[in-house]
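See below for the structure under consideration.
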Amino acid sequence: MVRLEQFTTEVDTVVTRMRALGGTWPEDDGVAVFNRVYLAVTEEIDRRLDGGYFADRRQAVTLDVRFAERYLSVAEGAPVPACWRPLFQFRRHPGVRPLQFALAGINAHIGHDLALAVVDACRTLRCEPADVEDEFERVGDVLVALEERIRDDLMPGPDLLEIADPLTHLIGAWSLERAREAAWAAARALWALRELADVAEEFERRLDAAVGFASRMLLTPLPRRSGHPCLSGRNSPEIAVR
C-alpha cells in the first residue's frame, strides 16, 4: 500500500480537478458519465462540510480527499488498476448504457478505493479505523442519496422500461449498501495487516481483481431500446444530489 504524504487538500480543489477533467471528454464517454456523478456527490459533501453536517471536519475532509485521489490519479493518467480497467476499456462501447457506466465507476471506487482511502486517512490522522467510522458512515449516507438520484436520472421509469429489460436485472444484482459494508470490512482487514506488507499487498491485489470482475459484469453490453435519451447515451442529464 502506498504511504501518502501527510497533507490534506481541501475538497474544493478536488472539485476543480473533476470539473477540468469533465471538460476533456465527450458527454457520452463512460468515464465522463461517472465523473459527472462523482462531481455531484463531492460538491454535496463540500456543501455539507460548510453546513456542519460532519462532526469532525478534519476527519471528513481527509477521508473524502484521500478517497477522491484514488480516482483522480487514474483519471489523470496514472496506471489503471484492475478495478477501474473495465470502465476505461468499455468507456465508448455503444452497447453499454449510461447507468451501467455510472454504477461500474461507483463499484470500482467504493469496492476498492474506499477501503484503501480509510487506511490512507488513518495513516494521515494517526488514528484507528474505528475513530473515523462515524464520518465514514456520514459520507456513505451522501453516497446513498447519490445512488437514488442517478437511478432516477439515468434509468427510465416503468412506463418506458419493461420489467423484462436486461438492465433491470443487471442493476438489481448490485447493492451500494453491501459494497459499503464490504469496503469497511476490507479497510479493517488492511489496517490489521499493515505490518505484514506481503500479506497486505496480496489482499489488496485480490480485492482489486474481485471488484474489477464485478465492474466488468455491470458493463455487459445490452440491446438498445430506441426512443429514449437515457437509453441512447445521448444528452445524459446533469446529476445532482437531492
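- Between the side chain of Glu135 and the main chain of Asp56, a donor-acceptor pair closer than 3.5 Å is present.
- Listed here is the closest heavy atom pair of Ser215 and Ala108: OG-N, 3.9 Å.
- Here Arg47 contributes atom CZ and Thr42 contributes atom OG1; the two are 10.5 Å apart, rounded to the nearest 0.5 Å.
- A donor-acceptor pair under 3.5 Å is formed between the side chain of Asp131 and the backbone N or O of Glu128.
- Tested against Gln100, the residues Val33, Leu218, Leu222 include a single side chain to side chain contact (heavy atoms under 4.5 Å, CB included) partner, Leu222.
- Linking Ile, Leu, Val, Met, Phe, Trp and Tyr whenever their side-chain heavy atoms come within less than 4.5 Å puts Val199 and Val119 in one cluster.
- Using a 4.5 Å heavy-atom cutoff, the side chains of Thr220 and Arg216 are in contact.
- The main-chain N or O of Val15 is never found under 3.5 Å from a side-chain atom of Glu43 such that the two would form a donor-acceptor pair.
- Between the side chain of Arg180 and the main chain of Glu177, no donor-acceptor pair closer than 3.5 Å is present.
- Here the side chain of Asp113 pairs no donor or acceptor atom with the backbone of Phe67 at under 3.5 angstrom.
- Geometrically, Arg194 engages Trp191 in a cation-pi contact, judged by NZ or CZ lying under 6.0 Å from the ring centre and within 45° of the ring axis.
- Under the 4.5 Å side-chain criterion, counting only non-hydrogen atoms from C-beta, Tyr53 is in contact with Arg138.
- Within the 3.5 Å criterion, the main-chain N or O of Cys122 finds no donor-acceptor partner in the side chain of Arg66.
- The number of heavy atoms from other shown groups lying within 6.0 Å of CZ (Arg188) does not exceed 12.
- Within the 4.5 Å cutoff, the side chain of Phe136 has heavy atoms near those of the Leu114 side chain.
- Note that CD of Glu76 and CD of Glu69 are 7.5 Å apart. Values are rounded to the nearest 0.5 Å.
- With hydrogens and angles disregarded, no donor-acceptor distance shorter than 3.5 Å links the side chain of Asp46 to the backbone of Val11.
- For the side chain to side chain donor-acceptor pair (under 3.5 Å) with His109, the lone residue among Tyr71, Tyr38, Trp84 that qualifies is Tyr38.
- Using modelled atom types, one side-chain atom of Asn107 and one backbone atom of Val211 make a donor-acceptor pair closer than 3.5 Å.
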(Q) Applying side chain to side chain donor-acceptor pair (under 3.5 Å) to Trp25 and Asn35, what does each step give before you reach the verdict? (A) CA-CA 10 Å; Trp25 301 315; Asn35 191 78; over 6 Å; no
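- More than 12 heavy-atom neighbours from other residues, nucleotides or ligands sit within 6.0 angstrom of CZ on Arg57.
- Summarising the geometry, atom CE belonging to Met18 is positioned 4.5 Å from atom CG belonging to Leu72; distances are rounded to the nearest 0.5 Å.
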